[in-house]
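First comes the structure, then the notes that go with it.
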There are 2 protein chains.
Amino acid sequence: MDHASNPDPVPTRLREGFERIALVLRADLWSAAGMAGLNPTQAQVLALLSARPDGLRPKEIAAHLAVSAPSMADTLAALERKALLRRTPDPADARALIARLTEDGLAAGRSLASAASQVAAALSQLSAAEQAGLLRAQIKLIRALQLAGAIPVQRLCVSCRHFRPNAHPGEAAAHHCDFVNAAIGDRDLRLDCGEHEEADPAVQAATWTDFTQG
Amino acid sequence: MDHASNPDPVPTRLREGFERIALVLRADLWSAAGMAGLNPTQAQVLALLSARPDGLRPKEIAAHLAVSAPSMADTLAALERKALLRRTPDPADARALIARLTEDGLAAGRSLASAASQVAAALSQLSAAEQAGLLRAQIKLIRALQLAGAIPVQRLCVSCRHFRPNAHPGEAAAHHCDFVNAAIGDRDLRLDCGEHEEADPAVQAATWTDFTQG
DNA sequence: CACGTTAAATAGGAGTCCTATCTTTATCTG
DNA sequence: CAGATAAAGATAGGACTCCTATTTAACGTG
């Protein structure tokens, strides 16, 4: 294998697989959003802010959805027109705003979250072990993307100070969350936990080592 | 936790993970396409048709990219304006067209395929075993989506008449492709092989059983 | 050969998404 | 503390995606 002259083709093929799945995700989003009179981007903003009761700045929302700030301003204006969202001045910084969902916006977000998804249906056909393996792989990818600066910091269990990986070695639910004080398995790991509290960098590194070696 | 009254939350969480990754894919596509003066949809058409020397009908392209036929007509017109693609009448059906890339289109497709991708970079950090597991999971998902009618038929190894799963049990490259007459491992499986020939449904079912039990 | 079906284009409209340019406020320096 | 620099957001302008509904032309069948 000459990794030198050619890049490894496997990551490229895997990326193509993700692209196939992403197309279905987008179709899912169109159908779910369409029923609510929305489009995919608006639906994604609703989904993001549903999990953020304290709201988020327009710039942060743009970063999470990987679009430019002016694009996000378009979408936020559309959502504000539909009375699903409100932008209020940020008391901490007179330049900034905080975007929050209205009651209607939260309701729309809830109905979106429970909408049918062909991807979720396909995922539910995998075995529990496959699902766990897939979730671990996603966590590794998300962490790598985060370290590379490709995405903003996510509220993952593995970077949370409440998380103790492999606290129960050998058991099905091997990890432990000190916040809920319960054992959790690979399948229970969160990608966006509302209770997340960023751990100290050194602690995070140790946690990651324990997690990947478990 | 009442897992009973609610649908299994794991597929939903996995779908969210895919959505995170899909956002990065889209950003990758914007940056790669932007350098070529294109946008993501145009780039996806180029990528699709690069692997289809015989061309595809507009309707088929629309199905592959999960958009409506009129939307695809817009995009094809844009690509034709840029002289990257040509639509010619289909000799077999006077209603239909065949869309094919021009030389410039093929060149643009090639440069797009080799463009940097943050997702591919993250994927290359996974171990070979993890990559193989991920590819197998993708194949299962794609097959499930295909059976559900969510996506058009894909040119997967596992549905090809040249493919013999677990022909070399116990070895690293456990499968065999009769077309290239070589052993191939899980990591070598194709999601869109140009040499694909759809196997007989009964054979496909048997192949799938052998593959999933290996 | 009339009939329903299918492939594609067209019309019309909403809205995403970009870059570039402002305005305002915060922050950093001499 | 004044002035420069940086940052958050809005606005302008333009290309284009994406939808539904409609139209045109050609296929297939009884």
Side-chain angles (χ1 to χ4, degrees), chain A residues 22-23 25-46 55-82 84-100 152, chain B residues 22-23 25-46 55-82 84-100 152:
Chain A
L23 291 169
L25 285 172
R26 191 134 194 106
D28 276 350
L29 210 45
W30 264 108
S31 71
M35 293 189 297
L38 304 169
N39 60 39
T41 309
Q42 292 169 7
Q44 281 175 308
V45 172
L46 254 42
L56 236 35
R57 291 188 181 176
K59 183 166 207 186
E60 293 173 317
I61 303 173
H64 272 281
L65 301 194
V67 300
S68 69
S71 297
M72 189 44 60
D74 283 343
T75 295
L76 295 180
L79 287 171
E80 212 162 31
R81 251 181 274 126
K82 295 179 187 178
L84 299 174
L85 175 145
R86 207 164 15 191
R87 283 176 285 186
T88 55
D90 184 341
D93 185 338
R95 294 170 301 181
L97 301 176
I98 299 181
R100 252 184 274 259
Chain B
L23 291 168
L25 285 172
R26 192 135 195 105
D28 276 348
L29 210 45
W30 264 109
S31 71
M35 292 188 297
L38 302 169
N39 60 41
T41 308
Q42 293 170 5
Q44 281 175 307
V45 172
L46 254 43
L56 236 35
R57 292 189 181 175
K59 184 167 205 187
E60 293 173 317
I61 304 174
H64 273 280
L65 301 195
V67 301
S68 68
S71 296
M72 190 42 62
D74 283 342
T75 295
L76 294 180
L79 286 171
E80 214 162 29
R81 248 181 276 127
K82 295 178 187 177
L84 299 174
L85 175 144
R86 206 163 19 189
R87 282 174 288 186
T88 55
D90 184 341
D93 186 338
R95 294 169 302 180
L97 301 176
I98 299 182
R100 253 184 274 260

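Proteins get letters first, then strands, A, B, ... in listed order; numbering begins at 1 in each. In what follows, every heavy atom counts, from backbone to side chain, and hydrogens, waters and symmetry copies are set aside.
- The side chain of A/Asn39 contributes an N or O atom lying less than 4.0 Å from OP1 or OP2 of C/dT16.
- Across C/dC18, C/dA9, C/dG15, the shortest atom-to-atom separation from the side chain of B/Ala73 is found for C/dA9.
- Here C/dC17 is the nucleotide among C/dC17, D/dA10, D/dC27 with the atom lying nearest to any side-chain atom of A/Ser71.
- Note on B/Thr41: a side-chain N or O is less than 4.0 Å away from OP1 or OP2 of D/dC18.
- With the nearest nucleotide of DNA chain C identified for both A/Ala69 and A/Ala92, A/Ala69 has the one nearer the 5' end.
- Across all strands shown, B/Ala94 has heavy atoms under 4.0 Å from sugar-phosphate atoms exclusively, and none from any base.
- For C/dA8, neither phosphate oxygen OP1 nor OP2 lies less than 4.0 angstrom from any side-chain nitrogen or oxygen of B/Lys59.
- Counting heavy atoms of neighbouring residues, nucleotides and ligands inside a 6.0 Å radius, atom CZ of A/Arg86 does not exceed 12 of them.
- Side-chain N/O atoms of A/Ser68 include one lying less than 4.0 angstrom from OP1 or OP2 on C/dC18.
- Distances shorter than 4.0 Å separate none of the side-chain N or O atoms of A/Lys82 from OP1 or OP2 on C/dA14.
- Note: CZ (B/Arg26) to C1' (D/dC16) measures 12 Å, nearest angstrom.
- Contact annotation for B/Pro40: no contact, since no heavy-atom pair falls under 4.0 Å across all strands.
- An OP1 or OP2 oxygen of C/dA14 is reached within less than 4.0 angstrom by no side-chain nitrogen or oxygen of A/Gln42.
- The shortest heavy-atom contact between B/Val45 and B/Met72 is CG2-SD, 3.8 Å.
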Legend entry - side-chain contact (heavy atoms from CB on, under 4.5 Å) evaluation trace for B/Asp74 with B/Thr41: CA-CA 10 Å; B/Asp74 283 342; B/Thr41 308; over 6 Å; no

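- Atom-to-atom, CG of A/Leu97 to P of C/dT25 comes out at 12 Å; the value is rounded to the nearest Å.
- When heavy atoms are screened at a 4.0 angstrom cut-off, A/Ala96 is found touching the sugar-phosphate backbone but no base atom.
- Between B/Ile61 atom CD1 and C/dA8 atom C1' the separation is 12 Å, expressed in whole Å.
- Counting any heavy atom pair closer than 4.0 Å across all strands shown, B/Asp90 reaches no nucleic acid atom.
- Look at CG on B/Leu76: it is 13 Å from C1' on D/dC16, rounded to the nearest Å.
- For A/Arg95, the side-chain atoms get nearest to C/dT25 when compared with the rest of D/dT17, D/dA10, C/dT25.
- A/Leu65 places its CG atom 13 Å from the C1' atom of C/dC17, with the value rounded to the nearest Å.
- Minimum atom distance to the side chain of A/Asp74 is reached by C/dC17, of the listed C/dT25, C/dA8, C/dC17.
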Inset, instruction - May I have the step-by-step check of side-chain contact (heavy atoms from CB on, under 4.5 Å) for A/Gln44 and B/Leu23, ending in yes or no? - result: CA-CA 10 Å; A/Gln44 281 175 308; B/Leu23 291 168; 3.7 Å; yes

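- The A/Val67 side chain lies nearest to C/dC17 when the options are C/dC17, D/dG9, C/dT16.
- Here the C1' atom of nucleotide C/dA8 and the CD atom of B/Glu60 are 13 Å apart, to the nearest Å.
- Looking at every heavy atom in both residues, A/Lys82 comes nearest to A/Gly37 through NZ-O, 3.0 Å.
- Distance CG (A/Asp93) to C1' (D/dA7): 8 Å, rounded to an integer number of Å.
- The nearest whole Å value for the distance from the CG atom in A/Leu38 to the P atom in D/dC19 is 15 Å.
- For B/Pro70, whose side chain is taken as the heavy atoms from C-beta onward, the closest listed nucleotide among C/dT10, C/dA26, D/dA26 is C/dT10.
- OP1 or OP2 of C/dA9 sits under 4.0 Å from a side-chain N or O of B/Arg87.
- Across all their heavy atoms, B/Leu97 and B/Pro58 have their closest contact at O-CD, 3.6 Å.
- Here CG of B/Leu79 is found 9.0 Å from CZ of B/Arg87. Values are rounded to the nearest 0.5 Å.
- Nucleotides of DNA chain D nearest to B/Met72 and B/Arg81 differ in position, and the one nearer the 5' end is that of B/Arg81.
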